[in-house]
Amino acid sequence: MSRSVKDNRTVYIISGPTAVGKSLIAYYLAKRIGGEIVNCDSVQLYRFMDIGSAKPSEKEMKAVRHHLYSIVDPSENMTVAAYRRLALEAIDDILARGKTPIVCGGTGLYLNSILYDMDFGATAADDGDRRKELEDLAEERGGDYMHQYLQAIDPDAASRIHPNNTRKVVRAIEAYEYGRGIRDLSECPMNPDYDFRFYALNMERKWLYDRINRRVSRLVSDGLVDEVNDLIEKGYNKELPSMKAIGYKEVIGFLDGDYDLFDAKELIMKNTRHYAKRQITWLKRYDFVNWIDINKGETVGEIVDRIIESEDSGQI
RNA sequence: GGCGACAUAGCCAAGUGGUAAGGCAAAGGUCUGCAAAACCUCUAUCCCCGGUUCAAAUCCGGGUGUCGCCU
């Protein structure tokens, strides 16, 4: 079944390391092409976590429709499968209304779930009891033991997972017991439902790190500590995945008296830099991504121009 | 000016005769249900010159530098 020429299925993806300016560029792109933004950031998904995750401003949210921001409670355990469902729903909704979806964010795994036709139905969902059991077993017998066990039941998965990576070993065992073990992404086809225009923003490393450092200082002066305090008072504890986000875990450490605010800031900066590096590494694996190297002094308008003008080469 | 201590990677630091631990940072990487997570790889010839020795970062002499104390 071929789609008609008129049937527009274009989906923009604006990704890149944290603090390059994804949100702003996606916003201006949306204004230019009549688009709506779909969040692809694992932390901006959470409610009450606005400052630390650097969500777009109220004003921007009002001027352009933003989807999947502040939609989950911090006590919830998000998963890729759930994200995929929500994201695809939002994208289809936008397309149905004749608008252009602009996926914006830097959570690589979530990006994968949109880009590829991943079938999460075939592997075990997050089964709390069994997972706890396996985690306890790992605690007791050690990571190597678990890896050997995985080696015995699913040697293919075992060969791809480092023995020290207990978290992943446990997940692989879980998935195997459910039926179909963890697959390699290379076995997964691209999502055929959309015409992706995939852009990764980047800039000189030194400059990016500078921006990160400045951003962290700003988040703190904008009230990050109060935000974290409120979360704690609401009853969200530091064991929750949401509270392990960068900016939050470090402030919690400060509130617990583990170190002073200056050290907390330094820690946040360092962890954010590490994160940005991992994001860049992740994006490098896509050979179909269009890298947009931002030059110093370039305006947002000029960057958006470059994205729009790359129409021809932009398609995957 | 005198006395003493120290001098090992970008930073912290072990090693006191047999040919450079470790940590942090930086850099690179992995990735199908916690992903702002979890995990992996990786960086030196030991301040300079001379001596002793089969062998010196390690011992001796000189130089330079840093720190501390004293006058």
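- Atom OH of A:Tyr176 and atom P of B:rU32 are 19 Å apart (whole Å).
- We find that CE of A:Met49 is positioned 17 Å from P of B:rC34, with the value rounded to whole Å.
- Mapping A:Ile246 and A:Arg85 onto RNA chain B by nearest heavy atom places A:Arg85 at the nucleotide closer to the 5' end.
- Across the strands present, B:rC6 finds its partner in B:rG65; the criterion is a Watson-Crick or G-U wobble pair with both atom distances under 3.5 angstrom.
- Distance A:His147 NE2 to B:rC39 P: 14 Å, rounded to the nearest Å.
- A salt bridge does not link A:Lys296 to A:Asp210: none of the charged nitrogens lies less than 4.0 Å from a carboxylate oxygen.
- For the pair A:Leu185 CG and B:rA35 P, the computed distance is 17 Å after rounding to whole Å.
- Note: OH (A:Tyr83) to P (B:rC31) measures 21 Å, nearest angstrom.
- Contact annotation: A:Tyr116 side-chain N/O to B:rU32 OP1/OP2 distance is not under 4.0 Å.
- The base-pairing partner of B:rU53, taking Watson-Crick or G-U wobble contacts with both distances under 3.5 Å, does not exist among the strands shown.
- In the set B:rU32, B:rC39, B:rG29, B:rG29 carries the atom at the smallest distance from any side-chain atom of A:Thr281.
- OP1 or OP2 of B:rG28 has at least one side-chain nitrogen or oxygen of A:Lys277 nearer than 4.0 Å.
- Counting non-hydrogen atoms under 4.0 angstrom, A:Lys168 reaches a base of the nucleic acid.
- Taking the C1' atom of each, B:rU19 and B:rU8 are spaced 15 Å apart, rounded to whole Å.
- Under the Watson-Crick and G-U wobble criteria, each requiring two contacts below 3.5 Å, nucleotide B:rU19 is left unpaired.
- For A:Arg285 and A:Trp282, the positive end sits near the middle of the six-membered ring, less than 6.0 Å away and at most 45° from its axis.
- A distance of about 11 Å separates the C1' atoms of B:rG23 and B:rA14, rounded to the whole Å.
- Residue contacts for A:Thr18: at a heavy-atom cut-off of 4.0 Å it reaches no nucleic acid atom on any strand shown.
- No donor-acceptor contact under 3.5 Å links the side chain of A:Lys284 to the base of B:rG29.
- Mapping A:Asp119 and A:Gly52 onto RNA chain B by nearest heavy atom places A:Asp119 closer to the 5' end of the strand.
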Can you pull every protein N or O that's under 3.5 Å from an N or O on nucleotides 22-25 of chain B?
unit_1 : atom_1 : unit_2   : atom_2 : d
B:rA25 : OP1    : A:Lys270 : NZ     : 3.2

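- With a cut-off of 3.5 Å on both Watson-Crick or G-U wobble distances, the partner of B:rU58 is given as none.
- Computed from coordinates, the A:Ile161 CD1 to B:rC40 P distance equals 14 Å when rounded to whole Å.
- OP1 or OP2 of B:rA27 sits under 4.0 Å from a side-chain N or O of A:Tyr209.
- The phosphate of B:rC34 (OP1 or OP2) has a side-chain N or O of A:Arg131 nearer than 4.0 angstrom.
- In summary, of the residues considered (A:Gln279, A:Arg273, A:Arg278), a side-chain hydrogen bond (donor to acceptor under 3.5 Å, both in side chains) with A:Tyr275 occurs for A:Gln279 alone.
- Rounded to whole Å, atom P of B:rU32 lies 6 Å from atom CG of A:Asp184.
- Checked for salt-bridge contact, A:Lys265 and A:Glu250 miss the test: no charged N lies under 4.0 Å from a carboxylate O.
- In the model, A:Ser15 has no side-chain atom that pairs as donor or acceptor with a side-chain atom of A:Lys22 under 3.5 Å.
- Pairing for B:rC46 is absent, judged as Watson-Crick or G-U wobble with the two contacts each under 3.5 Å.
- Donor-acceptor pairing under 3.5 Å is lacking for the side chains of A:Ser53 and A:Tyr248.
- For B:rG28, the paired nucleotide is B:rC40, the pair qualifying as Watson-Crick or G-U wobble because both relevant distances are below 3.5 Å.
- Salt-bridge annotation for A:Arg130 and A:Glu133: present, with a side-chain N of the basic residue lying under 4.0 Å from a carboxylate O of the acidic one.
- Side-chain contact annotation: A:Asp41 with A:Tyr110, donor-acceptor N/O pair under 3.5 Å absent.
- Pairing for B:rU71 is absent, with no Watson-Crick or G-U wobble pair whose two atom distances lie under 3.5 Å.
- Separating the CG atom of A:Leu150 from the P atom of B:rC39 is a distance of 17 Å, rounded to the nearest angstrom.
- A donor and an acceptor atom sit less than 3.5 Å apart, one in the side chain of A:Glu135 and one in the base of B:rC34.
- Between B:rC48 and B:rU53, the distance separating the two P atoms is 23 Å to the nearest Å.
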Determine whether A:Lys238 and A:Asp256 satisfy the following criterion, side chain to side chain contact (heavy atoms under 4.5 Å, CB included), listing intermediate values before the conclusion. CA-CA 11 Å; A:Lys238 59 178 165 191; A:Asp256 284 352; 2.9 Å; yes
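- In this structure, A:Arg9 does not pair ionically with A:Asp195, as no charged nitrogen and carboxylate oxygen lie closer than 4.0 Å.
- When the side-chain nitrogen and oxygen atoms of A:Arg205 are compared with OP1 and OP2 of B:rG28, one or more of them lie within a distance under 4.0 Å.
- Contact annotation for A:Ile182: backbone-only contact, meaning every heavy-atom pair under 4.0 Å involves sugar-phosphate atoms and none involves a base.
- Close to B:rC39, at under 4.0 Å from its OP1 or OP2, lies no side-chain N or O of A:Asn164.
- Nucleic acid contact for A:Val80: sugar-phosphate only, since backbone atoms but no base atoms lie under 4.0 Å from a heavy atom of the residue.
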